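To start, the structure itself, in structure tokens.
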Amino acid sequence: MLFSNALIPTLKEIPADAEIVSHQLMLRAGMIRKLATGIYSYLPLAQRVLQKVKTIIREEMNRIGGQEVTLPAVQPSEIWEESGRWELYGKELLRFTDRHNRNFCLGPTHEEVITDLVRREVKSYRELPLTLYQIQTKFRDEIRPRFGIMRAREFVMKDAYSFDRDEAGAEESYRKMYQAYTRIFERCGLEFRAVEADTGSIGGSFSHEFMVLADSGEDVIVYCSSCGYGANLEKAEIKPPDAPSRNETLKKLERVSTPGKKTIEEVTGFLGVPPHDLIKTLIFETDQGPVAGLVRGDHEINEVKLKNLLNCEYLALADDGTVEKVTGSPRGFAGPVGLRIPIYADNSLRGCLNMVTGGNEQDTHCKNVNTPRDYTVIRFADIRTALEDDPCVRCGNQLRMRRGIEVGHIFKLGIKYSKSLHATYLDRDGKENFIVMGCYGIGVGRTVAAAIEQHHDKDGIVFPHTLAPYHVLILPIEINDDDLRNVAFRIYNQLGAEGVEVLLDDRDERPGIKFKDADLLGIPLRITVGRRTLAQGKVEVKYRTSGTVELVDCEKIGTHIKNHFSNC
RNA sequence: CGGGGCGUAGCGCAGCCUGGUUAGCGUGCAUGCCUUGGGCGCAUGAGGUCGGGAGUUCAAAUCUCCCCGCCCCGACCA
């Protein structure tokens, strides 16, 4: 490709509304342009990079027996009503009607469609297992899209679905997919971790997220400093502390006046006690009625853990009215003593003595609160959010935290959708069984953005060679100099004939501009053709990753490049 | 949905508070000269519904109201 013919509109300045570096660089490198909030055009350079990722994905999906399909982006409401998600999904599902006033949506995901397809076409155990995948544009009407294509409303996703006869088969499919994902992200040159995750609204029994490590990541991942345990923050389990020795005496319960002191900070400051001697009492509304969650003052409650513990469908912090009704006091003074709703307490509170709690009365707290003397806990469990240095649930060593970008997520779904949509097969004995499913997603655009987050420097993008839009950029210093021009084109044609993807910067621009753009675009190899080196019959090869420069004989450049790539 | 901010040339911004020449600067773009190993220099030029509408006023980019779009924070969420 000749640069003069290519649409690569680079920008010198950083667009004002780009927050994170991958967004800035993709705009500056002329890869993407915004059409509306969360909706982007992919220009030729981005298209080529996306294509590289898609090719890697296809190869790895095919390797584990996946078959590619394309499912409709526009989906009728009927199948969503069948699965129950037409009601459940909320505003993120973009709905509209056709000319006949029938309801449709833009597909945010394709469980319904694929399950509908399979239930119609697959009838026998002989046809299972089956894995289907597609690479397709999805639409989720996110409340707050941001960071360019990192969290867009319209985005390209690879989604795969596995169909098995039984749990064991589904677990095998899951395992194969896990390995395929590992290979995919390794091939993309990414530093990542697979962590355990909550299954959320997709449902199912277990799940892993593939997280690219990056400080700009929106998610926090927790991993063990010594064993292989890793999970996302909402899932990360904490080893229960050993039973504490009760050598302290139980003091007498005491009510104290704490006018206007609601927060942990205010109360600790006022009473002169450390936060870990306080109990935070949080009132939640659930579909099982109101419940209280207790954590230590220096801990945060984890709603996902509490929700899973209660096994409820709905759980949210109670509003002021409910808090008042349940505790008899305004928000900020709730405590377990005298509460008439179920109380769940975090493991860290087991055996804690003489604690400070809210008094269930305005401007009042209790001191020297002890269980079971003063209140009853239904159950102690792990319901708080993990902190750095907490003990690992598996081995007890310290947990560490890092930020990550979720680029892939795999779920073992079980029969959630096959049940609601009635996808069954007949086994050997002619008996009807539900097909056991799994679903597996990769954000293709997000993978590219994550790669840039991880691979850039002050001058621009530093593409891993597997994702680079071109392998080589040829940069003649002066395009109007016939000697330079001829050598540049000779190398260009030679490499092109050998299957190397080459971009030749034939623009009549000053060298500085071309060098800056070359760095910005992040193409792994740059061949500079200048008068100075050409006088010795040489051209300069610069490696974008290391910045290393070497002079290579004009005649040997083809072999040189080929050798370089065979080592990659 | 709540809070905050922004909207002036392709991009980055000033002007607005305190209304009053032909709306300005940098960059980019076009043309010419010059220069040619890291966003060079000089000159000339094109490019604007000042987000939209209504109002106040002799007069509105500037003041008021409404609407739209965008960004940030929060809540929400695959």
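Naming: A, B, ... by sequence-line order, numbering from 1 per chain. Note that the coordinates shown come from a computational prediction; the quantities given were computed from them, not determined experimentally.
- The nucleotide B/C65 finds its pairing partner in B/G53, both defining distances of the Watson-Crick or G-U wobble pair being shorter than 3.5 Å.
- One interatomic measurement links the two molecules: CZ of A/Arg28 to P of B/C11, which rounds to 16 Å at whole-angstrom precision.
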- prompt: Yes or no on side chain to side chain donor-acceptor pair (under 3.5 Å) for A/Tyr174 and A/His208, after CA distance, side-chain angles and deciding distance?
  reply: CA-CA 10 Å; A/Tyr174 186 93; A/His208 282 86; 2.7 Å; yes
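- B/A14 and B/G55 have their P atoms separated by 30 Å, with the value rounded to a whole Å.
- For the P atoms, the distance from B/A23 to B/G4 is 35 Å, rounded to whole Å.
- Computed from coordinates, the A/Ile479 CD1 to B/G37 C1' distance equals 15 Å when rounded to whole Å.
- As rounded to the nearest Å, B/G51 and B/A60 have P atoms that lie 15 Å from one another.
- Between A/Glu540 and A/Arg526 the shortest side-chain heavy-atom distance falls below 4.5 Å.
- We find that CG of A/Asp319 is positioned 18 Å from P of B/G2, with the value rounded to whole Å.
- The ring of A/Phe434 has its center no closer than 6.0 angstrom to the ring center of A/Phe163.
- What separates CG of A/Asn480 from C1' of B/U35 is a distance of 13 Å, to the nearest Å.
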N/O contacts under 3.5 Å, protein versus nucleotides 5-7 of chain B?
none

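- Here the separation of B/G19 from B/A75, taken at their C1' atoms, is 41 Å to the nearest Å.
- Under the Watson-Crick or G-U wobble criterion, with both distances below 3.5 Å, B/G41 is paired with B/C33.
- A distance-only check finds a donor-acceptor pair linking the side chain of A/Glu266 to the backbone of A/Lys262 [under 3.5 Å].
- When each of A/Arg446 and A/Thr528 is assigned the nucleotide of RNA chain B with its nearest heavy atom, A/Thr528 is the one assigned upstream, toward the 5' end.
- Atom name C1', nucleotides B/A46 and B/G32: the rounded distance is 15 Å, in whole Å.
- Rounded to whole angstrom, the span from the CG atom of A/Asp505 across to the C1' atom of B/G37 amounts to 14 Å.
- Relative ring orientation between A/Phe210 and A/Phe192 is described as tilted, the plane-to-plane angle lying within the 30° to 60° band.
- B/G2 is paired with B/C73 under the Watson-Crick or G-U wobble criterion, all donor-acceptor distances under 3.5 Å.
- One cannot find a donor-acceptor pair under 3.5 Å joining the base of B/U36 and the side-chain atoms of A/Arg531.
- Side-chain polar atoms of A/Gln134 and A/Asp159 form a donor-acceptor pair below 3.5 angstrom.
- In this view, A/His455 satisfies the ring-ring contact (aromatic ring centres under 6.0 Å, His included) rule with no residue, not counting sequence neighbours.
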Using the 3.5 Å cut-off, write out each protein N or O paired with an N or O of nucleotides 69-74 of chain B and the distance between them.
from  : atom 1 : to       : atom 2 : distance (Å)
B/C70 : OP1    : A/Thr37  : N      : 3.1
B/C70 : OP1    : A/Thr37  : OG1    : 2.5
B/C70 : O5'    : A/Thr37  : OG1    : 3.1
B/C70 : O3'    : A/Lys34  : NZ     : 3.0
B/C71 : OP1    : A/Lys34  : NZ     : 3.3
B/C71 : OP2    : A/Thr37  : OG1    : 3.4
B/C73 : OP2    : A/Arg144 : NH1    : 2.8
B/C73 : OP2    : A/Arg144 : NH2    : 2.6

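- In terms of modelled atom types and a separation under 3.5 Å, the side chain of A/Arg544 and the main chain of A/Phe463 share no donor-acceptor contact.
- Looking at heavy-atom distances under 4.0 Å, A/Lys138 makes no contact with the nucleic acid at all.
- In this structure, A/Asp141 places its CG atom 13 Å from C1' of B/C76, rounding to the nearest Å.
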Set out, in order, the CA-CA distance, both residues' side-chain angles and the distance that settles side chain to side chain donor-acceptor pair (under 3.5 Å) for A/Thr286 and A/Gln288, then state yes or no.
CA-CA 5 Å; A/Thr286 76; A/Gln288 305 165 3; 4.7 Å; no
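- Residue A/Glu218 contributes atom CD, which lies 15 Å from atom C1' of B/A75 at whole-angstrom precision.
- Separating the P atom of B/A9 from that of B/U62 is a span of 15 Å, rounded to the nearest Å.
- For B/G37, the base has a donor-acceptor partner in the side chain of A/Glu540 [N/O atoms by modelled type, under 3.5 angstrom].
- In this structure, A/Arg95 forms no cation-pi arrangement with A/Trp80, as its terminal cationic atom is not both closer than 6.0 Å to the ring centre and no more than 45° off the ring axis.
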Could you walk me through whether A/Arg403 and A/Glu218 pass salt bridge (charged side-chain N to carboxylate O under 4.0 Å, His left out), step by step?
CA-CA 7 Å; A/Arg403 302 195 74 86; A/Glu218 290 189 89; over 6 Å; no
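- Side-chain atoms of A/Arg384 never come within 3.5 Å of backbone atoms of A/Asn302 as a donor-acceptor pair (strictly under, hydrogens ignored).
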Output one line per pair: protein atom, nucleotide atom from nucleotides 27-34 of chain B, and distance, for all N/O pairs under 3.5 Å.
from  : atom 1 : to      : atom 2 : distance (Å)
B/U27 : O3'    : A/Lys12 : NZ     : 3.3
B/G28 : OP1    : A/Lys12 : NZ     : 3.4

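- Rounded to a whole angstrom, the distance from the P atom of B/C50 to that of B/U22 is 16 Å.
- A/Ile14 places its CD1 atom 17 Å from the P atom of B/G39, with the value rounded to the nearest Å.
- Using cut-offs of 30° and 60° for the angle between ring planes, the A/His564 and A/Tyr543 rings count as tilted.
- Residue-level contact check: A/Asp517 touches the bases, meaning some heavy atom is under 4.0 Å from a base atom.
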Distances for protein N or O near nucleotides 23-25 of chain B N or O, under 3.5 Å:
none

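- In this entry B/G24 has B/C13 as its Watson-Crick or G-U wobble partner, both defining distances falling under 3.5 Å.
- Between the A/Glu324 side chain and the A/Pro330 main chain, no donor and acceptor come within less than 3.5 Å of each other.
- Between B/C11 and B/G52, the two P atoms lie 15 Å apart (nearest whole Å).
- Using a cutoff of 4.0 Å between basic side-chain nitrogens and carboxylate oxygens, A/Asp17 and A/Lys34 are scored as salt-bridged.
- A/Arg33 comes within contact range of no nucleotide atom at all, as no heavy-atom separation falls under 4.0 Å.
- Not a single side-chain contact (heavy atoms from CB on, under 4.5 Å) links A/Glu87 to another residue, sequence neighbours left out.
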